[in-house]
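Okay, so here's the structure we're looking at.
In listed order, ligands and their atoms are each counted from 1.
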Amino acid sequence: MEKILWEQVQLVRQQSPLVHNITNYVVMNNTANALLAAGASPIMAHAKSEIQEMIGIAHSVVINIGTLDEYWSESMILAAKTAHSTGKPWVLDPVGAGATSFRDEVLQQLLQYQPTVIRGNASEIIALAKANTTATKGVDSTAQSNEAIDAARSLVDQYGTIVCISGETDIILDNQQEIFIQNGHPLMTKVTGLGCSATALIGAFIGITQDKVMAVAAAMAFIGIAGELAAEESKGPGSLQVNLIDNLYTITEQEFSNRLKIERK
Ligand SMILES: Nc1ncnc2c1ncn2[C@@H]1O[C@H](COP(=O)(O)OP(=O)(O)OP(=O)(O)O)[C@@H](O)[C@H]1O
Ligand SMILES: Cc1ncsc1CCO
Ligand SMILES: [Mg+2]
């Protein structure tokens, strides 16, 4: 599996997929930089007048509801609808799912357009599967990844999507397999939006490969390993943020394969 995953990292570097992001104000700069460091080409765009054309030229779409508002929610629904009807792969980041009924209502509408992938932390995945939960504490998880597996499975069954639950262990599942990735570093939870960057990277990887589950695994291993390498060079969250971007750019096959901790069930 190691070889397949590294091949995808190389493919992103070589093919530089155009990733159309409708994401939140907090992470916009950071996720654009993470995509560039990985070799992809980001564009952040949310005007309703250009969504359809933009998706026409993009390899994939990222929809992240982090700083949702009334206008953006309409852009997101239009983007999801367009991606779905034109067969463009798209990934949903349900930031803060379960925190408010507005988020849950918009998420339910977005789910109708069957995201190729959903990536969230455990609380968000649990809330998404059961829209009336109160488990989400803002945007941070109060649950462990393995507590969200049943919720993830129900999303897989209901929407035919791949689900990635991120956290100390990243769990990726579809209706055939479960993949566990044990990379990353606890300091990563002290930098805002690394989950959002993971989602954006998933966007890049699903934009260029057929095997979408392997694409998600590659993206998650990639950011997890870059995070580990960065944590070893960093004094705290500030430098981690910068060093992680550097490591996405410099990571070698040897670093990747030496550190990869992956298991398939
Ligand atoms: N406790 C941990 N130990 C090791 N790595 C972790 C831990 N928590 C998170 N990570 C790493 O951080 C990545 C981002 O996941 P996380 O679950 O923190 O996203 P998130 O909660 O959506 O974050 P945000 O909303 O700030 O973007 C994971 O894929 C993993 O590599
Ligand atoms: C802190 C925060 N608030 C809304 S989006 C976001 C970034 C992490 O998801
Ligand atoms: Mg998040």
Side-chain angles (χ1 to χ4, degrees), residues 5 21-35 38 44 46 62-69 72-73 76 91-100 102-103 106-107 117-128 135-148 151-152 163-172 179-203 205 216-232 234 237 240-241 243-245 247-248 251 256 259-262:
L5 300 190
N21 298 261
I22 307 181
T23 189
N24 69 71
Y25 290 113
V26 183
V27 305
M28 223 182 261
N29 176 275
N30 237 62
T31 54
N33 278 320
L35 284 167
M44 294 14 210
H46 55 269
V62 176
I63 299 181
N64 175 312
I65 68 157
T67 50
L68 198 58
D69 79 2
W72 285 48
S73 63
M76 289 177 189
V91 53
L92 174 65
D93 192 325
V95 182
T100 66
F102 178 47
R103 279 173 199 259
V106 172
L107 285 168
V117 184
I118 301 168
R119 197 288 321 161
N121 63 43
S123 292
E124 289 160 347
I125 297 300
I126 292 167
L128 196 59
T136 308
K137 186 190 120 207
V139 301
D140 295 322
S141 189
T142 56
Q144 299 288 318
S145 316
N146 60 0
E147 298 173 60
V163 177
C164 172
I165 313 158
S166 65
E168 185 179 347
T169 304
D170 296 323
I171 305 173
I172 298 150
I179 293 172
F180 298 78
I181 298 176
Q182 218 113 39
N183 291 109
H185 191 281
L187 195 57
M188 291 171 75
T189 62
K190 298 297 174 199
V191 175
T192 191
L194 291 186
C196 305
S197 294
T199 303
L201 291 172
I202 289 172
F205 282 72
V216 178
M220 297 310 289
F222 188 37
I223 191 164
I225 293 168
E228 284 174 24
L229 292 164
E232 288 169 12
S234 306
L240 179 73
Q241 182 167 19
N243 289 329
L244 194 147
I245 304 262
N247 277 285
L248 290 174
I251 199 165
F256 188 85
R259 286 187 182 255
L260 181 67
K261 289 198 204 112
I262 192 165

So for D170, does at least one of its heavy atoms come nearer than 4.0 angstrom to any atom of ligand 1?
yes
Mind checking whether C196 has an N or O less than 3.5 Å away from an N or O of ligand 1?
yes
Run the numbers for me: atoms of ligand 2, each under 4.0 Å from some heavy atom of T192, listed by number.
1 (C), 7 (C), 8 (C)
Any nitrogen or oxygen of N121 lying under 3.5 Å from a nitrogen or oxygen in ligand 1? Just yes or no.
yes
Check whether any heavy atom of G227 sits under 4.0 Å from an atom of ligand 1.
no
Can you list the atoms of ligand 2 that are under 4.0 Å from a heavy atom of V95?
9 (O)
SG/C164 to CG/D93 distance, rounded to the nearest 0.5 angstrom?
10.0 Å
For ligand 1, which atoms sit closer than 4.0 Å to a heavy atom of G195?
14 (C), 19 (O), 20 (P), 22 (O), 23 (O), 24 (P), 27 (O)
With nothing but distance in play, are any N or O atoms of G193 less than 3.5 Å from an N or O of ligand 1?
yes
Nearest protein heavy-atom contact for atom 2 (C) of ligand 2: which residue, which atom, what distance?
V26 CG2, 3.8 Å
Between L5 and I262, is there a side-chain heavy-atom distance shorter than 4.5 Å?
yes
Quick one: does ligand 1 sit under 4.0 Å from the side chain of S166, the backbone, both or neither, non-hydrogen atoms only?
both
Measuring only between side-chain heavy atoms, which start at C-beta, is V26 closer than 4.5 Å to T67?
yes
Atoms of ligand 2 under 4.0 Å from any heavy atom of G66, numbered from 1 in the order shown, are 4 (C), 5 (S)
Tell me which part of N183 gets within contact of ligand 1: side chain, backbone, both or neither, using heavy atoms under 4.0 Å.
backbone
Tell me whether T31 contacts the main-chain N or O of C196 through its side chain, where contact means a donor paired with an acceptor under 3.5 Å.
no
How far is atom 3 (N) of ligand 2 from its nearest protein heavy atom, and which residue and atom is that?
V139 CG1, 3.9 Å
Could you list the atoms of ligand 1 found under 4.0 angstrom from a heavy atom of M220?
29 (O)
Heavy-atom count around E168 CD within 6.0 Å, excluding the residue itself: above 12?
no
Treating E232 as the side-chain partner and L229 as the backbone partner, does any N or O pair qualify as donor plus acceptor under 3.5 Å?
no
If we count only N and O atoms by modelled type, under 3.5 Å, do the side chains of N29 and N33 hold a donor and an acceptor together?
yes
Nearest non-hydrogen partners of A221 and I181, listed with the distance
N-CD1, 4.0 Å
Quick one: salt bridge (Lys or Arg N to Asp or Glu O under 4.0 Å) partners of E228, sequence neighbours excluded?
R259
Mode of E168 contact toward ligand 1 - side chain, backbone, both, neither (heavy atoms, under 4.0 Å):
both
Numbered in order shown, the ligand 1 atoms found under 4.0 Å of a heavy atom of G184 are 4 (C), 5 (N), 31 (O)
Main-chain N/O of I171 paired with S145 side-chain donor or acceptor, under 3.5 Å:
no
Short N or O distance, V191 and ligand 1, threshold 3.5 Å exclusive
no
Polar proximity ligand 1 side, T189 side, N/O cut 3.5 Å exclusive
no
Non-hydrogen atoms of M188 and L194 that approach each other most closely:
O-CD1, 3.5 Å
If we number the atoms of ligand 1 from 1 as shown, the ones under 4.0 Å from a heavy atom of R119 are 19 (O), 20 (P), 22 (O)
